[in-house]
2 protein chains.
Amino acid sequence: MFLSILVCKAQLPASYVNPFIGTNEMGHTYPGATVPFGMVQLSPETDTIQYSVGHGYIKDVYRYCAGYQYSDKTIVGFSHTHFSGTGHSDLGDFLVMPTTGKIQLNPGTADDPGSGYRSSFSHDTEKASPGYYSVLLSDYNIKAELTSSARVGFHRYTFPETSQANIILDMVSGIYNYDGKVVWSSIRIENDTLVTGYRQTQGWARERIVYFAMVFSKPIRNYGCRDEGKVVYNDFYRKFNTEKDFPEMAGRKLKTYFSFDTKAGEQILVKFALSSVSNEGAIKNLETEIPTWDFDLVHQQAEDAWNKELCRITIKASDEKKIIFYTALYHAFLSPTLFMDVDGKYRGLDHNIHYADGFTNYTTFSLWDTYRALHPLFTLIQQKRTSDMINSMLAHQQQSVHHILPVWSHYANENWCMIGDHAVSVIADAYMKGIPGFDAQKALDACISSATYAPNDGIGDYMKFGYVPSDKSSNGASKTLEYAYDDYCISRMAEKMGKPEIASNFAKRAEAYNLIWDKSTGFMRAKRSDGTFQSPFDPLSTERQGFIEGNAWNYSFYVPQDPTKLIAMYGGNNKFISHLDSLFNIKLDEKHFAESEDITAAGLIGNYVHGNEPSHHVPYLYVFAGAPWKTQERIHQIVNSMYHNTTDGLCGNDDCGQMSAWYIFSSLGFYPVCPGSNEYVIGSPSVDKATLNLENGKQFSITAKNLSDKNIYIQQIRLNGLIYKKFIINQEDIMAGGTLEFVMGVKPKK
Amino acid sequence: MFLSILVCKAQLPASYVNPFIGTNEMGHTYPGATVPFGMVQLSPETDTIQYSVGHGYIKDVYRYCAGYQYSDKTIVGFSHTHFSGTGHSDLGDFLVMPTTGKIQLNPGTADDPGSGYRSSFSHDTEKASPGYYSVLLSDYNIKAELTSSARVGFHRYTFPETSQANIILDMVSGIYNYDGKVVWSSIRIENDTLVTGYRQTQGWARERIVYFAMVFSKPIRNYGCRDEGKVVYNDFYRKFNTEKDFPEMAGRKLKTYFSFDTKAGEQILVKFALSSVSNEGAIKNLETEIPTWDFDLVHQQAEDAWNKELCRITIKASDEKKIIFYTALYHAFLSPTLFMDVDGKYRGLDHNIHYADGFTNYTTFSLWDTYRALHPLFTLIQQKRTSDMINSMLAHQQQSVHHILPVWSHYANENWCMIGDHAVSVIADAYMKGIPGFDAQKALDACISSATYAPNDGIGDYMKFGYVPSDKSSNGASKTLEYAYDDYCISRMAEKMGKPEIASNFAKRAEAYNLIWDKSTGFMRAKRSDGTFQSPFDPLSTERQGFIEGNAWNYSFYVPQDPTKLIAMYGGNNKFISHLDSLFNIKLDEKHFAESEDITAAGLIGNYVHGNEPSHHVPYLYVFAGAPWKTQERIHQIVNSMYHNTTDGLCGNDDCGQMSAWYIFSSLGFYPVCPGSNEYVIGSPSVDKATLNLENGKQFSITAKNLSDKNIYIQQIRLNGLIYKKFIINQEDIMAGGTLEFVMGVKPKK
């Protein structure tokens with residue numbers, strides 16, 4: 001492995017990454033600087049639309065989930081935390097913006113950037129690569145450069161000559177912001193170069209606190225603060241002018257500035273460390289991770305870190321393909337994010353400070369998305385991190401007042417976003433694959449605790465009725481199907497652990513899909529607590545039909561734990577194939593198209609909605625019905641039509657890497673239709689060669705002989721040189737190292 | 001000492017304490033349960049008047065500095081933190097109230113207690129003694145009893161038979177409350193008896209956070225929560241009914257309840273622990289301090305703790321005098337308050353969690369008040385705690401972004417209340433008296449750092465002009481006088497430490513009073529930065545004359561570091577005596593009386609305002625002018641007319657024990673006119689006998705032979721049996737143990 005990684009690094013896969021992919025429209029990715037799975041995501045905000053509480057979903061807010069839209073003309077500033085590809089948001093902590101001249105403490109508008117601190121910019125001056133971002137802020141003639149270590153953002157600003165160079169720190173600005181989101185914030189000017197503080201927000205994360213330590217390369221000449229939410233309760237502060245050079249500021253709406261003189265071309269550097277624990281923790285992170293002022297060195301280290309991680313897969317393909325592939329791998333390695341200080345301390349879900357004993361703690365688990373392909377990808381090429389992530393989820397479960405595993409965990413909060421209990425899938429998948437480093441008994445207990453916690457999202461009714469009745473819980477049909485799959489995972493794990501009673505109990509629950517199968521319509525369908533199906537029934541509608549991010553059409557394919565049974569329910573292979581064909585061939589009318597949120601038109605093939613995760617395994621189902629060439633065809637269609645090297649190259653939210661992980665697997669030629677089964681279903685490769693450089697020191701190579709735009713059908717497969725007849729490959733086959741050779745051809749091999 | 005303490009405890013001095021003294025009108029004391037210097041002060045609130053931001057001083061808010069006014073007819077509930085005797089306020093954290101029947105989550109009004117959870121009560125059913133409080137909540141027929149350990153409040157509620165026994169936990173209620181004071185709060189129902197949480201407020205303390213752990217003796221049947229400040233930002237919570245039996249609550253305005261069934265006479269007990277560090281810290285405090293459910297045992301332990309502390313002084317006097325004296329001693333031992341968890345962790349001024357290495361950390365330093373007599377009292381009978389308090393102040397200084405000692409420190413905040421730099425006085429006084437246990441060099445550095453920190457409250461101008469100009473800083477004249485005294489303290493300390501240069505520098509600064517002496521009027525007088533005195537000049541006015549909590553008349557006596565010089569400025573003993581006589585003899589007109597806030601008419605003798613601290617040393621100044629009999633007369637007058645065994649028995653705010661410490665010293669027969677000097681000025685004793693049981697194992701006894709209402713004049717003094725001619729006694733004389741015998745008579749001995 002060592003040699004191959006050296007070879008790979010010589011090819012510098014990071015140089016193929018285009019961080020702008022997905023930054024326009026629906027991708028919701030960000031172009032800024034970060035390291036693999038880093039805690040800091042230092043990236044420009046091009047707007048900070050404010051959410052109006054009580055007005056529900058607002059499209060303009062949604063556009064800015066990652067703070068950046070490529071089509072925008074101005075930059076508001078650079079903040080230190082961003083989600084990659086989410087469909088709901090938060091973060092945008094600690095917006096820093098360099099300016100010159102008059103101090104302006106509000107961002108101003110995109111139409112009139114001069115009305116605030118924001119600046120116009122041109123994409124011509126903008127560069128982004130893994131661990132680096134730069135742009136010319138043209139209104140100020142300031143070149144801004146960003147890089148990062150895991151916990152510390154590093155800014156380098158090249159100023160013109162001015163007696164009034166300013167660095168604004170806006171403590172109010174944020175993503176998915178609203179009036180009152182910052183419940184408290186605090187700043188201390190510790191000395192003429194060091195500033196510490198924290199802010200606490202109520203948003204998607206109900207109670208979130210982030211501490212920081214910020215150090216300037218040059219002494220602050222003077223500084224100040226405006227508290228736009230000032231409550232003069234403690235009159236005794238009146239003896240001070242707290243707006244100017246007063247070293248402690250606190251309030252709900254703090255806008256601060258730090259001023260300097262600069263010569264032409266003078267650079268002011270800012271290191272900005274985060275901590276979930278304390279100011280002290282942030283200072284320790286800063287001093288440990290970036291002791292230097294050598295920006296270029298830190299940039300190089302970030303790039304090296306990316307090259308090292310991206311080398312876990314080496315591919316042979318066209319440059320364009322390499323760009324799309326490595327950008328996908330880059331996006332796959334952004335989340336979950338590191339969530340602990342250099343000393344192992346982190347904030348727990350119980351609000352206490354914990355020490356991560358023997359593992360690295362992570363947060364940003366968007367599990368409804370990522371259990372499907374991202375975590376299975378990690379079981380191949382991020383095994384150490386997989387056990388760290390499982391230990392993080394187990395700690396979460398132990399700290400949970402509900403004693404359940406995370407649903408959408410984020411900075412010591414449970415965001416409760418989306419449905420199911422898919423931490424169970426991640427755990428069982430890793431356990432079944434023999435990934436070491438976590439306590440299996442503790443893990444099984446945690447899974448069972450989650451799967452039987454009645455108050456959570458219909459679980460009580462699920463246990464009582466056998467399904468989640470649609471009159472008791474919204475999206476009951478989706479929940480029924482997903483809980484059933486999760487129960488299968490527990491069953492598999494318990495079986496392997498020699499606990500047949502638990503296994504059998506959960507195997508029974510795993511058949512719950514039967515209860516919402518409406519034979520008369522041939523769809524999964526929401527059922528009420530009185531046992532009747534919900535009416536009126538519109539299998540194309542995604543609204544009030546008991547499904548979420550999908551309709552009955554999409555969700556009726558969701559029995560990953562037993563596709564054979566599903567096919568039988570449809571009356572056998574031919575009928576199933578024909579039904580599945582219809583999914584791709586339906587022409588959606590305007591009403592039903594409008595309902596398919598989160599995706600662009602490019603993300604649709606008929607009623608197949610690639611931008612929404614419930615579809616992700618669906619093209620692979622042809623294989624189970626004996627029509628692998630149909631899978632091969634659709635996979636190539638999706639790979640080629642829905643992933644581009646363009647700013648709008650993602651057809652839907654990247655969803656913390658799930659969309660990207662789908663692409664990586666599908667490009668390699670296989671996909672985990674059912675995590676927990678140890679099986680990957682063979683699709684059709686779209687790279688000439690790929691090598692997985694495994695952590696066990698082995699290599700697994702995939703070659704696609706004769707692959708071309710037209711030669712997309714598999715003619716022959718050889719595993720380790722021997723003809724391979726199955727369209728399923730196991731985890732063990734891959735982890736043992738070896739070769740998987742495809743011979744491709746222009747005709748479907750029926 | 002051991003024997004004498006046994007003897008003392010047999011007399012149970014705690015039984016003489018009447019916690020109701022000062023609970024009516026101006027005393028601002030609270031009647032609830034606490035232990036000496038305890039972190040928890042569990043006490044009833046009789047009202048929770050809300051402050052309207054921007055409306056300034058509101059009398060009704062001010063009345064409730066301690067949450068309780070004896071004249072009230074209803075009790076709102078029992079909260080866990082209270083100041084004793086302050087003239088500004090905060091606290092009232094975690095209001096608990098037992099009720100029956102319909103759940104009401106607002107307090108209702110005093111006029112119509114049925115409109116909320118509050119209850120009527122009668123003083124006939126109310127009992128208070130050190131470490132214990134009880135009352136019958138007549139609207140519910142619930143007997144409420146409270147006791148406490150240092151960090152844990154212990155409630156015992158005796159319910160009638162009911163299917164709806166409720167315990168309300170109001171997270172919004174607070175003292176000096178206003179809409180928005182709670183910036184965030186959070187609650188977790190950990191299991192069916194344990195609840196944890198925290199609340200964060202912005203009040204007098206700018207950013208204060210208190211964690212709690214609350215445990216019930218009986219499983220909660222059901223519980224619920226109303227969030228009156230609900231912001232539905234995270235829509236995903238909508239899948240839960242967060243108002244009923246949902247175990248995690250968070251928001252700005254949380255009102256919660258816990259319900260039970262009870263049989264007639266059934267008791268539900270609640271242990272309620274606090275921590276400044278974390279929920280985990282609160283749980284640890286709870287488990288360590290009160291592992292039992294035996295309420296009576298904990299009550300006994302609290303009473304024992306009080307008897308032990310109160311035995312530091314034993315007195316022989318009438319029962320009435322004993323009540324007043326021991327209640328004063330009780331009040332003197334309430335503040336400063338413990339501020340760390342059982343494991344030594346505490347929250348620092350820098351927002352970080354610190355470990356108190358080798359000392360016990362305290363907060364609630366009301367130093368402008370308490371440096372005068374309370375801390376000097378501690379140098380005699382709380383030496384160990386004195387060094388702990390100094391170490392706490394030094395830690396504060398090290399954590400301060402200003403690098404200065406506390407002014408008014410409170411729960412890891414600097415409240416900036418009142419003026420001067422009097423931590424310096426406390427430190428220098430202790431150092432001069434040889435109290436061990438703190439680092440003198442570090443302490444001197446901290447004092448100098450504070451005394452030379454230009455941005456703080458006129459210090460920069462004080463260093464520039466030699467005085468604090470009244471046009472540059474409000475109350476400049478008071479500040480000039482007080483800084484000058486503090487500088488004397490530093491000078492003394494530096495001299496003893498062998499640092500003549502520092503000593504001489506600060507000795508020079510200590511003469512600053514000369515610069516604001518207006519010879520033409522014979523008063524200290526505010527001076528402007530151009531060197532002219534401020535006009536118009538009204539020596540009786542307390543408004544806009546450059547003085548605070550006093551007028552030119554009062555403050556002109558403030559040169560404690562050099563009374564001889566002051567007397568000379570007045571033209572010698574006779575002129576000074578006559579001037580001082582006038583102070584007591586002036587009849588204040590209505591306008592000037594109205595200006596004397598914080599005090600009742602009973603607290604005035606002419607223009608001598610005992611309720612405001614700048615007067616406290618003044619009656620002792622006759623001694624320096626050779627008229628000790630005049631001191632003796634005035635001391636007896638004040639002792640007898642301004643301290644009573646009645647609910648309004650304090651003529652002004654007790655000010656964290658300063659008023660009480662004045663009484664203790666004055667009753668013993670001496671007073672620390674100038675802390676830092678090691679000298680006490682002899683007044684006139686008003687107890688027949690008193691014994692100080694010193695921590696060094698020695699005893700110092702004071703006897704007043706022939707003392708009576710009329711025999712208030714000292715005829716003779718013997719120290720250790722030898723005739724003593726001076727009216728000054730030193731710290732060394734007392735700490736050496738021995739006897740001080742006064743022979744009293746009816747005639748002044750001139």
Side-chain angles (χ1 to χ4, degrees), chain A residues 51 53-54 56-57 88 176 178 180-181 183-184 186 188-190 196-198 200 202-207 211 231-240 245-248 250-252 277-281 350-353 400-402 407-408 414-419 455-458 473-474, chain B residues 51 53-54 56-57 88 176 178 180-181 183-184 186 188-191 196-198 200 202-207 211 231-240 245-248 250-252 277-281 350-353 401-402 407-408 414-419 455-458 473-474:
Chain A
Y51 191 103
V53 176
Y57 171 90
H88 196 87
Y176 268 48
Y178 68 96
K181 179 166 179 178
V183 301
W184 198 252
S186 181
R188 282 164 59 98
I189 315 300
E190 305 280 356
T196 63
Y198 67 89
Q200 212 176 336
Q202 186 210 16
W204 195 15
R206 188 164 59 169
E207 33 187 329
Y211 296 87
V231 176
V232 187
Y233 183 69
N234 183 340
D235 284 351
F236 301 100
Y237 273 92
R238 286 202 183 145
K239 63 174 87 163
F240 301 107
D245 295 326
F246 187 73
E248 38 179 355
R252 294 175 187 145
V277 174
S278 62
N279 293 342
E280 199 182 10
D350 57 2
H351 311 306
N352 290 313
I353 301 305
S400 159
V401 75
H402 308 278
V407 176
W408 213 116
E414 174 52 82
N415 287 3
W416 298 115
C417 180
M418 294 304 293
I419 60 168
N456 184 33
D457 214 12
S473 184
S474 60
Chain B
Y51 190 104
V53 175
Y57 171 90
H88 197 86
Y176 267 49
Y178 69 96
K181 179 166 179 176
V183 299
W184 197 252
S186 181
R188 282 164 59 99
I189 316 301
E190 304 279 358
N191 57 46
T196 63
Y198 68 88
Q200 213 176 337
Q202 185 209 16
W204 195 13
R206 188 164 60 166
E207 35 187 327
Y211 295 86
V231 176
V232 188
Y233 182 68
N234 182 341
D235 283 353
F236 301 100
Y237 273 91
R238 284 199 182 146
K239 62 174 88 164
F240 303 106
D245 296 327
F246 187 74
E248 38 178 356
R252 293 176 187 146
V277 175
S278 62
N279 293 340
E280 197 182 11
D350 57 2
H351 311 305
N352 290 313
I353 303 305
V401 74
H402 310 277
V407 176
W408 212 115
E414 174 53 80
N415 287 1
W416 297 114
C417 180
M418 293 305 292
I419 60 167
N456 186 31
D457 215 11
S473 183
S474 60

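What's counted below: heavy atoms across the whole structure, side chains too, no hydrogens, waters or symmetry copies. Residue numbers begin at 1 in each chain, while the letters A, B, ... track the order of the sequences.
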Working note: W416(B) + F240(A), criterion side chain to side chain contact (heavy atoms under 4.5 Å, CB included); need CA distance, chi angles, decisive distance, verdict. CA-CA 10 Å; W416(B) 297 114; F240(A) 301 107; 3.4 Å; yes
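Side chain to side chain, E207(B) and W184(A) meet the donor-acceptor criterion of an N or O pair below 3.5 Å.
The residue among T196(B), V401(B), V407(B) with the most heavy atom pairs within less than 4.5 Å of chain A is V401(B). With chain B as the partner, the residue from G458(A), P455(A), A205(A), S186(A) showing the most heavy-atom pairs under 4.5 Å is S186(A). When each of R252(B), R188(B), E190(B) is scored by its heavy-atom pairs under 4.5 Å with chain A, the top score falls to R188(B). Ranked by heavy-atom pairs under 4.5 Å with chain A, the first of A250(B), G251(B), G281(B), S278(B) is A250(B).
Of the two parts of D350(B), the backbone and the side chain both hold a non-hydrogen atom closer than 4.5 Å to a non-hydrogen atom of chain A. Looking at D245(A), neither its backbone nor its side chain comes within 4.5 Å of chain B, counting heavy atoms on both sides. Heavy atoms closer than 4.5 Å to chain A are found in both the backbone and the side chain of N456(B). For E414(A), the part sitting under 4.5 Å from any heavy atom of chain B is the backbone (N, CA, C, O) and nothing else.
Note on ring orientation: taking the six-membered ring where Trp is involved, the planes of H402(A) and F246(B) are tilted (angle from 30° to 60°). In this structure, Y198(B) and H351(A) have perpendicular ring planes: the angle between them is above 60°, well past the 30° mark.
Taking CG of N352(A) as the reference point, atom OH of Y211(B) lies at 8.0 Å (rounded to 0.5 Å).
At a threshold of 4.5 Å between non-hydrogen side-chain atoms, the residues S473(B) and K239(A) do not count as touching.
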